[in-house]
Each structure stands twice: as structure tokens, then as C-alpha cells.
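Input: a single structure, listed below in C-alpha cells.
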Amino acid sequence: MSRMSRTDRPYDLVLFGATGFVGTLTARYLAEHAPDGLRWALAGRDERRLEELRASLPGGAGAGILRADAAEPAGLRALAEHARVVATTVGPYVLHGGELVAACADTGTDYLDLTGEPEFVDLTYVRHDARARETGARLVHACGFDSVPHDLGVYFTVRQLPEGVPLTVDGYVSADAAFSGGTLASALNQLARGRRMLAAARDRSRHEPRLPGRRVTAPAGAPRFAAEVGAWALPLPTVDPQIVRRSARALERYGPDFRYRHYAAVRRLPVALGGVAAVGAVAAVAQLPPARRRLSALLQPGEGPSAQRRAKSWFTVRFVGEGGGRRVFTEVAGGDPGYDETAKMFAEAALCLAFDDLPETAGQVTTAQAMGDALTGRLRAAGITFRVAARR
Ligand SMILES: NC(=O)c1ccc[n+]([C@@H]2O[C@H](COP(=O)([O-])OP(=O)(O)OC[C@H]3O[C@@H](n4cnc5c(N)ncnc54)[C@H](OP(=O)(O)O)[C@@H]3O)[C@@H](O)[C@H]2O)c1
């Protein structure tokens with residue numbers, strides 16, 4: 001199925017989960033920034049709330065409304081058939097996301113999400129990558145703060161380094177921000193599924209072809225003081241290294257032997273130790289269903305940080321890249337990582353898939369692989385910094 005044959009679909013873009021916390025921010029961003037003539041629709045399980053949302057958007061009357069439930073495959077198939085691109089915020093994805101990916105892979109519809117759940121990414125690869133390659137659908141996960149700044153930041157860093165030589169990149173994330181009920185629910189759910197996450201990763205590696213003639217690794221690294229960024233570096237076990245590794249596998253430009261390590265950067269040792277203890281405590285609580293439910297109830301689905309809190313939030317990811325006798329320092333930075341900037345990254349990625357001139361890809365692909373330069377350009381134009389930084 002060629003992409004051209006999909007231009008007869010009623011919508012360029014459908015936003016599923018539009019009434020959730022990040023869904024509403026994404027709908028607002030699209031209403032404020034979408035190109036003239038965008039044919040788009042708000043989708044979700046509650047028609048009345050979708051209509052209220054539409055009425056609250058500037059120019060929103062131009063958006064269509066589609067009702068669909070994540071648990072009803074027939075409705076999801078109809079939704080996928082109505083769109084060239086479907087963007088979904090309906091998580092936890094490992095619980096609610098599978099049927100929509102199946103529908104998009106089968107109908108040749110481009111798909112993107114905000115998952116930070118490694119298990120979901122691996123399950124989707126095993127179940128739907130082959131079918132998506134047949135139909136031409138691009139399945140792009142992690143199109144928010146997980147993992148756009150890291151994936152495109154490493155892509156940007158690699159391109160400052162010589163070609164055809166072994167390269168290493170270390171990423172150091174710093175942020176000041178709060179999170180939403182949806183993020184808390186997804187994180188607790190993934191922490192509680194450690195064994196299933198490892199099983200999905202093993203299953204994926206059995207299915208994934210070997211990489212002939214090149215080596216790509218993303219080891220966890222060890223906690224240390226990183227003089228190159230002047231901070232304590234703590235290994236960060238998010239989905240990001242997995243995504244970066246997949247971009248490096250897909251793109252020859254990352255060189256014959258590429259290694260990425262991913263860290264949280266914390267200036268003061270007591271704060272670093274407190275952070276490790278807090279993550280350990282949450283991971284332990286997540287193993288006990290009653291305690292997990294109590295923690296989850298602290299923030300309900302649909303709730304998230306206020307506009308005032310978001311206005312004070314920020315993130316910076318610093319990268320140190322080395323290879324071929326060169327060392328380069330780069331930086332990706334922006335405002336509220338989890339919500340305002342995530343909505344921006346998600347909406348721009350959706351518009352990029354719908355309208356930009358991109359490399360020919362299909363199946364499960366990363367943001368760097370499917371949209372590298374075009375999405376970086378869009379995000380820079382929208383106020384996210386990508387720059388070569390001065391040496392420390
Ligand atoms: N990667 C990142 O950096 C990043 C950042 C932010 C969020 N996220 C992820 O994005 C997801 C959403 O976060 P959020 O804070 O926006 O959560 P939220 O407010 O709870 O929104 C979840 C959305 O899913 C919808 N939904 C739930 N069950 C459904 C079903 N059976 N059928 C159809 N729709 C259903 C909800 O519909 P109703 O509105 O009808 O309840 C709501 O629109 C989470 O998985 C979160 O982890 C990732």
C-alpha cells in the first residue's frame with residue numbers, strides 16, 4: 001500500500017486519548033499550530049467530553065470527533081482506516097495499547113505514541129513489525145520526553161563527529177518537573193512487571209536479525225562523578241537507551257562500533273543518594289498490589305501539574321560524544337519536559353509523519369530513523385534547543 005493511496009482517507013491525523021491530561025495539551029497545541037487545512041479529529045471513549053474539548057479549542061470547530069474504546073478492536077480498526085496518522089496517549093500502553101497498534105499495522109496507518117514502557121515496545125516489535133513492513137505503516141513509539149530529546153540529541157551529537165570510526169556518546173539528563181496521574185500509573189505498572197519486561201526483551205532478541213559487521217551497545221554504566229559535566233552521574237534505566245540503540249542499529253552514520261550510556265546528572269551527592277533511595281522505595285512498593293494501589297491513588301488519571309508549576313519546569317540533556325580523536329559537547333534543552341514539551345514533541349512528530357518529506361521507512365522505527373532531520377528542524381523552530389556547547 002503506497003502512502004499516496006492513503007491521501008483519500010478522511011483525516012490526516014487522529015488524536016486518540018484527546019481528553020486525557022497530555023491529550024488535551026496536545027489537542028491545544030495542534031489547534032494553535034497546525035497548518036491551514038489540516039484534516040484532523042479528536043478521538044476517545046466519551047463523545048460528550050470530546051465535544052466539550054473541541055468547543056474549548058481555538059478554531060477547534062474544524063476538528064472531527066471519533067468515538068472509540070481501547071478494548072473494542074472493531075472501533076479501533078475503523079479509527080485507523082479513517083486516518084493517515086494516528087497519535088495515541090491511551091496508556092498504560094501495555095494494558096490498553098496493543099489493539100490499536102495491530103489495527104494501524106494492518107491498515108497501513110502511521111502510528112505514534114508516548115510510551116516509556118520497554119515491555120510494550122518489545123511486544124509490539126514481535127507482534128506487528130512484520131505486518132507493518134508489508135503495509136508500509138510506520139510504528140513510532142516514545143514520541144515525548146521519552147525519548148525524543150535523547151534519541152534526536154544523540155543523532156545530533158553523532159553528526160558532529162567523524163564518519164566511519166567507533167563512537168561513544170554519554171547522555172546526562174537534568175530536570176525540574178512534576179508528573180501526572182497517567183505517568184504515575186504507567187510507571188508503577190511497568191515496575192510491577194519486571195519479569196514480563198525481561199521476557200519480552202528476550203523474545204524480541206530472538207526475533208530481531210543480527211547486525212552484520214557493526215556493533216551497537218547501550219550498557220547500564222556505573223554511578224560515578226562525571227567531571228566532564230560537573231555532576232554525579234546515576235545510570236537511568238528508562239526506555240531511552242533502548243531507543244537510542246535501535247537508532248544506532250538502523251543508521252550507518254553511528255559508525256562500526258557505537259556505545260551509548262544514559263545517566264541522570266545530579267550536582268550534589270546527598271540529592272543523588274536521596275534520588276536512588278526514592279526510586280528503590282517506589283520500585284519496592286510497586287511489587288505489592290495494595291501498596292501500589294495506594295500510591296497510584298495519590299494522583300488520579302487526568303490529573304497533572306498546574307500551568308504555574310509547568311511554567312517553572314525545565315529540562316537539559318547534555319551529551320559528551322567521542323570518536324576519531326574528537327570530543328564534542330552538545331545540549332538539548334527546553335521547558336516542562338513531561339507535558340508542555342511532550343505535547344509539542346508529540347504534535348510536531350505527528351505533523352512530521354503526515355506532511356514532511358522523510359526517508360522511506362516502515363515497521364517499528366525510531367524518531368531518529370524515521371524523522372531525524374525534519375523533526376529536529378521542527379522542534380528547533382518550536383523553541384527546543386539543540387546546540388553544540390562549549391567545553392566545560
Ligand atoms: N513519554 C513521555 O515523556 C510521557 C509524558 C507524558 C505522558 N506519557 C504517557 O502518556 C500516557 C497518558 O498520560 P496522561 O497523563 O495524559 O494520562 P491520563 O490523563 O490518565 O490520560 C489517559 C487517556 O487514556 C484514555 N483511556 C483510558 N482507558 C481508555 C479506554 N479503554 N479507551 C479509550 N481511552 C481510554 C483516557 O480517556 P478519558 O479521558 O475518557 O478518561 C485518557 O484520555 C501515559 O501512559 C503516560 O505514561 C508519557
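First listed ligand is number 1; within each ligand, the first listed atom is number 1.
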Original post:
Among all protein non-hydrogen atoms, which one is nearest to atom 45 (O) of ligand 1, and what is the separation to 0.1 Å?
Top reply: Ser186 OG, 2.7 Å

Original post:
Among protein heavy atoms, which sits nearest to atom 12 (C) of ligand 1, and what does the distance come to when rounded to 0.1 Å?
Top reply: Thr89 O, 3.1 Å

Subject >> Within 6.0 angstrom of Glu163 CD, more than 12 heavy atoms from elsewhere >> reply: no

Original post:
Among protein heavy atoms, which lies nearest atom 31 (N) of ligand 1, and at what distance?
Top reply: Asp69 OD1, 3.1 Å

Subject >> Closest to atom 15 (O) of ligand 1 (judged by heavy-atom distance), picking from Gly44, Gly144, Ala343, Ser180 >> reply: Ser180

Original post:
Heavy-atom contact under 4.0 Å between Gly338 and ligand 1?
Top reply: yes

Original post:
Which atoms from ligand 1 have a heavy atom of Tyr93 less than 4.0 Å away?
Top reply: 45 (O)

Original post:
Has ligand 1 got any nitrogen or oxygen that is less than 3.5 angstrom from a nitrogen or oxygen of Val22?
Top reply: yes

Subject >> Numbered atoms and elements of ligand 1 in range of Gly17, under 4.0 angstrom, heavy atoms >> reply: 43 (O)

Subject >> Residues Tyr155 and Asp373: side-chain donor-acceptor under 3.5 angstrom >> reply: yes

Subject >> Pairs involving residues 163-204, ordered by first then second residue, that meet ring pair (Phe, Tyr, Trp, His ring centres under 6.0 Å) (sequence neighbours left out) >> reply: Tyr172-Tyr263

Original post:
Nearest protein heavy atom to atom 35 (C) of ligand 1, by residue and atom, and its distance?
Top reply: Val90 CG1, 3.5 Å

Original post:
Going by atom types only, do Gln242 and Asp122 share a side-chain donor-acceptor pair under 3.5 Å?
Top reply: yes

Subject >> Subset of ligand 1 atoms that lie under 4.0 Å from at least one heavy atom of Tyr339 >> reply: 6 (C)

Original post:
What is the distance from atom CG of Asp106 to atom CD of Glu81, rounded to the nearest 0.5 Å?
Top reply: 9.0 Å

Original post:
Any non-hydrogen atom of Phe179 lying under 4.0 Å from ligand 1?
Top reply: no

Subject >> ligand 1 contacted by Gly302 (non-hydrogen, < 4.0 Å) >> reply: yes

**OP:** For the pair Glu331 (side chain) and Ala389 (backbone), establish whether a donor and an acceptor sit closer than 3.5 Å, ignoring hydrogens and angles.
**Re:** no

Subject >> Electrostatic pair Asp170-Arg224, nearest N-O below 4.0 angstrom >> reply: yes

Subject >> Proximal ligand 1 atoms for Gly20, defined as those under 4.0 Å from one of its heavy atoms >> reply: 19 (O), 21 (O), 39 (O), 42 (C), 43 (O)

Subject >> Stepwise side chain to side chain contact (heavy atoms under 4.5 Å, CB included) check, Arg9 with His82 >> reply: CA-CA 5 Å; Arg9 295 188 180 183; His82 275 76; over 6 Å; no

**OP:** For atom 4 (C) of ligand 1, grab the closest protein heavy atom and report residue, atom and distance to one decimal in Å.
**Re:** Leu114 O, 4.0 Å

Subject >> Closest protein heavy atom to atom 39 (O) of ligand 1, given as residue, atom name and distance to 0.1 Å >> reply: Thr19 OG1, 2.6 Å

Subject >> Within the 6.0 Å centroid threshold, strictly below: His150 and Phe145 >> reply: yes

Subject >> Subset of ligand 1 atoms that lie under 4.0 Å from at least one heavy atom of Phe145 >> reply: 2 (C), 3 (O)

Original post:
Going by the order shown, which atoms of ligand 1 are within less than 4.0 Å of some heavy atom of Arg49?
Top reply: 38 (P), 39 (O), 40 (O), 41 (O)

**OP:** Mind running salt bridge (charged side-chain N to carboxylate O under 4.0 Å, His left out) on Arg48 and Glu51 for me, showing each step along the way?
**Re:** CA-CA 5 Å; Arg48 185 186 54 80; Glu51 273 162 14; over 6 Å; no

**OP:** Please state whether the rings of Tyr260 and His262 are parallel, tilted or perpendicular, taking 30° and 60° as the class boundaries.
**Re:** tilted

**OP:** Rounded to the nearest 0.5 Å, what's the gap from CG on Leu358 to CD on Gln369? Could you check?
**Re:** 11.5 Å

Original post:
Which one of Ala70, Gly75, Pro301, Gly182 has a non-hydrogen atom at the shortest distance from atom 46 (C) of ligand 1?
Top reply: Gly182

**OP:** Please determine if Arg310 forms a cation-pi arrangement with Tyr339, meaning its NZ or CZ atom is less than 6.0 Å from the six-membered ring centre and no more than 45° off the ring axis.
**Re:** no

**OP:** Output the list of atoms in ligand 1 that are nearer than 4.0 Å to some heavy atom of Asp146, sorted by atom number.
**Re:** 1 (N), 2 (C), 3 (O)

**OP:** Determine, using heavy atoms of Glu72 and all atoms of ligand 1, whether some pair is separated by less than 4.0 Å.
**Re:** no

Original post:
To the nearest 0.1 Å, how far is atom 28 (N) of ligand 1 from its closest protein heavy atom, and which atom is that?
Top reply: Arg45 NH1, 3.3 Å

Subject >> Passing candidate, side-chain contact (heavy atoms from CB on, under 4.5 Å) with Val14, options Val85, Leu79, Leu42 >> reply: Leu79

Original post:
Which atoms of ligand 1 sit under 4.0 Å from any heavy atom of Thr342?
Top reply: 3 (O), 5 (C)

Subject >> Residue, atom name and distance, where the atom is the protein heavy atom closest to atom 7 (C) of ligand 1 >> reply: Thr183 OG1, 3.6 Å

